[in-house]
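Below you'll find the structure, written out as structure tokens, and then a few comments.
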Amino acid sequence: MPELRSKAKVVLELVKECVAEFESLSEEKKRELIERYSAELKPKAEKKEQKLSPLEKAEKGKVVMRFAPNPNGPPTLGSARGIVVNDEYCKIYDGKFILRFDDTDPRTKRPMLEAYEWYLEDCEWLDAKPDEVVYASKRIPIYYEYCEKLLEMEKAYPCFCSKEEFKKYRDSGIECPHRNTSAEDALEIWEKMLNGEFREGEVVIRIKTDMKHKDPAIRDWVAFRIIYEDHPLVGDEFCVWPTLDFESAIEDHLLGITHIIRGKDLRDSELRQRYIYEYFGWEYPITRHWGKVSIHEFGKLSTSELRKEIEAGKYRGWDDPRLPTIRALRRRGFKPEAIRKFILSLGVGENDVSVSVKNLYAENRKLIDPIANRYFFVWDPVEIKIEGLDSCVDVKIPLNPTKGGYRVLKGSKEVYICREDFERLREGDIVRLKDFCNIRLIDKDGAKFKFEGFELKDVKKGKNIIHWLPKRDVVKCYVYGVEKDYEGFAEKNALNDIGNVVQFERFAFCRLEAFEDELEAVYTHP
RNA sequence: GCUCCGGUGGUGUAGCCCGGCCAAUCAUACCGGCCUUUCGAGCCGGUGACCCGGGUUCAAAUCCCGGCCGGAGCACCA
């Protein structure tokens, strides 16, 4: 009853009276009243699924959003955040999702040709297939047009100051001498720029803002510069390239973007770009910015850093399981839904987040645990002998506790077990080979055990149950790990699951990748 | 230094705009229990937080002021 709030004092008095009246009643009467009214109390509201917070001013069916990477490497978990969050909002509001390659610097942040394709692939895999794909480098003439308009309007000008010179003007809030160039002269210089009549660095186009703006970063920023370098996608067609701020400002308008969500490092962009929007009478999209994500186990998710390390030979490639790229996660057998959930759980706050990859593992585990078949993998194997077990027996072991089903191993007197399990045992100890039999260590140096029976209840549970493999019925197995690689033997039954994620019991979930001379697997997570 | 932003359990997040149903949500981590067989999986349970100080108010995680701590930008990179 919210309308009573303003009369809180009066209500409080009334409540006190009621309580006093209630207290004065007999115990029996109290109990009766409690029972009569407790039925009316509502149960606690059922828990709601965690969702993204609503977008301000978003109308269903009218939202247009974009993710705008520079394809200078494959998408990482960081890029996936941009893809998934933008896509998710589009899904919520029935909007349009655009993938735009902001690839207008052929040198410093040079795009990588294969990466264009990788972005497309990974978006689709993440269930975020864009409704439209735009390549900025293929639309350079459009940006030229808008530049010319601004030059005509004298809202932009060619500036011959060197970087250092201009910095002085900027820091002291003084207009540089080129700022007053007439539209006519400016267009003439522009023409010469396009014709390649200037050297790199000789002249740039600046957007007029306010040389007295309280944030120097906003003052007359660069919109175009000259770079003589082949572009991986469009070759040497252009020598005048727009900066991100210009290209993105024009594109966001042309594409009808209504909402932008991007990193807070681009917060100043908005301040700069608003000048262009004002000159053309356009409406600036609604923006939100998020902080950096770092994953404890991976560190910062910088593509350029990864590239250096790959080039230095530290990793086997962009899909090395130790890397935070989507390709690597894909190879490891993660489910796209798990990655989406993990990313959405980070929200869209402005503070930097530092989260453990275990959260991602947990999401993925929920999805694969019910379907992944179980197999034995013995890493760092030790061969042991079991005395007193005369014949081979078929051992039936469940394939998956939820799905059901069985696989069969040949129980024999010569088996492999993990070295770490073996080392832990002392002479006289009993262990159980899971689903097979109990054995007692009688000679550690000779790795000899004695058969003690098949009954499970004869051994304690827990650490006393270990996995094993028959010596004569195994394949060699190599696991590409995250911390390190593992070598050993796996059961042959696993060959039925090539391409799938399985659980190597007491080890981890792994994706079985290939089988040639040996089984190759990639570590997924515990 | 200048400009802008943020601070909820160990970690991440919901709630903040529009103060009360918040002795604060969900997840993960951690701890404990359960399972005729994974004690590295699964299932169940438990511990654990509103940065600090002041103000406004009957009432503050929520509004205001100050402090402290953290981050981003200040490129002819994106």
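Quick caveat: nothing in here was measured; it's all calculated off a predicted structure. Convention: sequence-line order gives letters A, B, ...; per-chain numbering from 1.
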Taking the same atom, [atom1], in [N] and in [M], what whole-Å distance lies between them?
N	M	atom1	answer
B:C17	B:G32	P	42 Å
B:G54	B:G71	P	28 Å
B:U62	B:U25	C1'	16 Å
B:U28	B:C21	P	27 Å
B:C76	B:G19	P	45 Å
B:G67	B:C4	P	15 Å
B:C30	B:C35	P	22 Å
B:A61	B:U37	C1'	49 Å

Below 30° counts as parallel, above 60° as perpendicular, anything between as tilted: where do the rings of [X] and [Y] land?
X	Y	value
A:Tyr486	A:Tyr523	parallel
A:Trp241	A:Phe238	perpendicular
A:Phe422	A:Phe449	tilted
A:Phe101	A:Tyr119	perpendicular

Counting side-chain heavy atoms from C-beta on, which of [options] comes nearest to [X]?
X	options	result
A:Asp435	B:A72, B:U3, B:U37	B:U37
A:His296	B:A29, B:U11, B:U38	B:U11
A:Lys214	B:A72, B:G12, B:C4	B:C4
A:Gln503	B:U3, B:U28, B:A41	B:A41
A:Asn359	B:G6, B:G12, B:A27	B:A27
A:Lys434	B:U37, B:A41, B:U13	B:U37

Measure all distances between protein nitrogen or oxygen atoms and nitrogen or oxygen atoms of nucleotides 76-78 of chain B, and list the pairs falling under 3.5 Å.
from: B:C76; atom 1: N3; to: A:Gly201; atom 2: O; distance (Å): 3.4
from: B:C76; atom 1: N4; to: A:Cys161; atom 2: O; distance (Å): 3.4
from: B:C76; atom 1: N4; to: A:Gly201; atom 2: O; distance (Å): 2.9
from: B:C77; atom 1: OP2; to: A:Arg225; atom 2: NE; distance (Å): 2.2
from: B:C77; atom 1: OP2; to: A:Arg225; atom 2: NH2; distance (Å): 2.6
from: B:C77; atom 1: O3'; to: A:Asp105; atom 2: OD2; distance (Å): 3.3
from: B:C77; atom 1: O3'; to: A:Arg225; atom 2: NH2; distance (Å): 3.1
from: B:C77; atom 1: O2'; to: A:Asp105; atom 2: OD2; distance (Å): 3.1
from: B:C77; atom 1: O2; to: A:Lys109; atom 2: NZ; distance (Å): 2.3
from: B:A78; atom 1: OP1; to: A:Arg225; atom 2: NH2; distance (Å): 2.7
from: B:A78; atom 1: OP2; to: A:Leu244; atom 2: N; distance (Å): 3.1
from: B:A78; atom 1: O3'; to: A:Asp102; atom 2: O; distance (Å): 2.6

Hey, which of these two, A:Val348 or A:Arg432, hits RNA chain B nearer its 5' end, going by closest nucleotide?
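The residue mapped nearer the 5' terminus is A:Val348.
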Specify the residue among A:Arg365 and A:Asp171 whose closest nucleotide of RNA chain B lies further upstream toward the 5′ end.
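Upstream on the strand: A:Arg365.
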Look at all strands and tell whether [X] reaches a base, only sugar-phosphate, or nothing, counting heavy atoms closer than 4.0 Å.
X	value
A:Ser354	sugar-phosphate
A:Trp379	base
A:Lys366	sugar-phosphate
A:Glu455	nothing
A:Pro526	nothing

Taking every heavy atom of A:Arg110 against every heavy atom of A:Asn72, the minimum-distance pair comes out as O-CB, 3.3 Å
Looking only at heavy atoms, which two atoms of A:Phe376 and A:Trp468 are closest? And how far apart?
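Taking every non-hydrogen atom into account, CD1-O, 3.0 Å.
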Checking only heavy atoms, does the side chain of A:Glu363 share a donor-acceptor pair with the base of B:U28 at less than 3.5 Å?
no
Quick one: look up who [N] pairs with, Watson-Crick or G-U, both distances under 3.5 Å, and put none if it's unpaired.
N	answer
B:U57	none
B:U28	B:G10
B:G1	B:C74
B:C18	none

Can you see whether A:Tyr169 has A:Arg179 sitting over its ring - NZ or CZ less than 6.0 Å from the centre and within 45° of the normal?
no
Taking ring pair (Phe, Tyr, Trp, His ring centres under 6.0 Å) as the criterion, tell me which of A:Tyr416, A:Phe489, A:Trp379 meets it with A:His467.
A:Trp379
Output yes when A:Arg100 and A:Asp252 qualify as a salt bridge under the 4.0 Å nitrogen-oxygen rule, no when they do not.
yes
